[in-house]
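Here the structure is laid out as structure tokens; the discussion comes afterwards.
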Amino acid sequence: MHKLSRSNRDKLQQFVAITGASEKSALQALKASDWQIEAAFDVFYRQPQPKSNGDLRRLEELYNRYKDPFSDMIQAEGISILCSDLQVEPQDIVTLVLSWHMNAATACEFSREEFFGGLQALGVDSIGKLQEKLSFMRSELKDEQKFYDIYNFAFGWAKEKGQKSLALDTAIGMWQLLFAEREWPLVNHWCDFLQDRHNKAISKDTWAQLLEFARTVDPVLSNYDAEGAWPYLIDEFVEYLYDKSVVEKGPAFWEK
């Protein structure tokens with residue numbers, strides 16, 4: 001470590017604190033990613049994790065603690081106990097990130113395969129180790145590509161089984177949760193608009209396009225293209241913002 005710069009030494013210590021990795025493993029991951037700490041997390045967690053009989057036994061014990069007594073699934077009550085053990089609220093966005101790691105098909109449920117696969121991918125086999133990963137999982141929301149993946153995962157995860165669309169109340173709750181991380185200034189106006197003017201379930205296309213709108217169109221709509229291929233609901237939202245004087249129509253609008 002004596003050969004490292006102060007900056008790299010700090011990154012190494014931060015990496016070890018978040019991942020619980022040895023200094024040797026941390027150093028390998030950081031060097032492989034040119035000392036970009038977010039990329040180093042990816043390198044570290046993509047490495048195959050050893051799955052000994054002891055690991056599997058501990059996972060089995062953990063799964064049995066939370067699984068429903070009448071089915072081979074972890075359901076809402078078990079997830080509530082899991083959150084209590086992790087010292088997080090069930091509504092905490094980190095539970096969504098954990099579900100994303102498990103590739104969970106639906107909210108408030110983990111199958112055996114999802115639970116084992118997610119924890120093995122994270123390289124953990126105990127609640128203590130999973131707690132140590134919470135900081136890392138929160139940091140993933142700051143990565144633009146991962147946020148995009150988690151956002152799109154959330155649609156299928158949150159909708160009711162057998163439904164193609166997402167219930168409006170559920171969609172609004174998810175948007176408020178997700179955009180609290182990305183700080184989109186128009187999120188509350190969007191939710192008010194939906195309740196005032198739409199009051200219907202949200203399609204997958206609208207869900208996906210809303211993120212693209214939030215990412216590419218500035219909050220004062222100076223670069224909004226009315227001729228663009230936005231879903232009609234987003235075009236109506238823009239009109240709503242003008243009608244409510246949330247934003248002013250610029251010269252480009254009046255020239256059309």
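The structure presented is a predicted model; accordingly, all values stated were derived computationally and were not measured.
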Legend entry - Nearest-0.5 Å distance that lies between atom CH2 in W35 and atom CG in L30: 5.0 Å

Inset, instruction - Please confirm whether F41 and F15 have ring centers closer than 6.0 angstrom. - result: yes

Inset, instruction - To the nearest 0.5 angstrom, please state how far the CE atom of M174 sits from the CZ atom of F179. - result: 11.0 Å

Legend entry - Whether S33 side chain and A29 backbone form a donor-acceptor pair below 3.5 Å: yes

Inset, instruction - Could you label the plane-to-plane angle of the W184 and F213 rings as parallel, tilted or perpendicular, counting under 30° as parallel and over 60° as perpendicular? - result: perpendicular

Legend entry - Distance in Å, L86 CG paired with I127 CD1, rounded so as to fall on 0.5 Å steps: 4.5 Å

Inset, instruction - Give a yes or no on whether a salt bridge exists between E60 and R112, defined as a side-chain N under 4.0 angstrom from a carboxylate O. - result: yes

Inset, instruction - Check whether any side-chain heavy atom of I202 sits under 4.5 Å from a side-chain heavy atom of S165, and report yes or no. - result: no

Inset, instruction - For C83 and P90, work out which heavy atoms get closest and say how close. - result: SG-CA, 3.7 Å

Legend entry - pair I172-Q176: side-chain heavy atoms closer than 4.5 Å: yes

Inset, instruction - Mark yes or no for whether N223, through its side chain, and D218, through its backbone, hold a donor-acceptor pair below 3.5 Å. - result: yes

Legend entry - Main-chain N/O of E212 paired with T216 side-chain donor or acceptor, under 3.5 Å: yes

Inset, instruction - May I ask you to decide if Y148's main-chain N or O and N152's side chain share a donor-acceptor pair within less than 3.5 Å? - result: yes

Legend entry - Ring centers of W157, W100 separated by less than 6.0 Å: no

Legend entry - R58 side chain to D125 backbone, donor-acceptor under 3.5 Å: no

Inset, instruction - State whether the side chain of E114 and the backbone N or O of S111 hold a donor-acceptor pair below 3.5 Å, judged by distance alone. - result: yes

Legend entry - Inter- and intrachain pairs under side chain to side chain donor-acceptor pair (under 3.5 Å), touching residues 188-200, at least two apart: D196-Y240

Inset, instruction - Kindly compute the distance separating OG1 (T206) from CG (L211), expressed to the nearest 0.5 Å. - result: 13.0 Å

Inset, instruction - Measure the CD1-CE distance between I79 and M73 for me, rounded to the nearest 0.5 Å. - result: 8.5 Å

Inset, instruction - Determine, for R215 against E144, whether the closest basic-nitrogen to carboxylate-oxygen distance falls under 4.0 angstrom. - result: yes

Inset, instruction - Verify, without hydrogens or angle tests, whether R182 (side chain) and L141 (backbone) share a donor-acceptor contact under 3.5 angstrom. - result: yes

Legend entry - Side-chain ion pair, K244 and E239, N-O less than 4.0 Å: no

Inset, instruction - Determine whether L122 and L98 make a side-chain contact, defined as any pair of heavy atoms from C-beta on separated by less than 4.5 Å. - result: yes

Legend entry - Euclidean distance, T95 OG1 relative to L82 CG, rounded to 0.5 Å: 9.5 Å

Inset, instruction - Indicate whether the side chain of D72 and that of Y63 have a donor and an acceptor atom separated by less than 3.5 Å. - result: yes

Inset, instruction - Decide if the gap between the ring center of W207 and the ring center of Y151 is smaller than 6.0 angstrom. - result: yes

Inset, instruction - Ignoring hydrogens and angles, tell me if any N or O in the side chain of D34 forms a donor-acceptor pair with the backbone of Q36 under 3.5 Å. - result: no

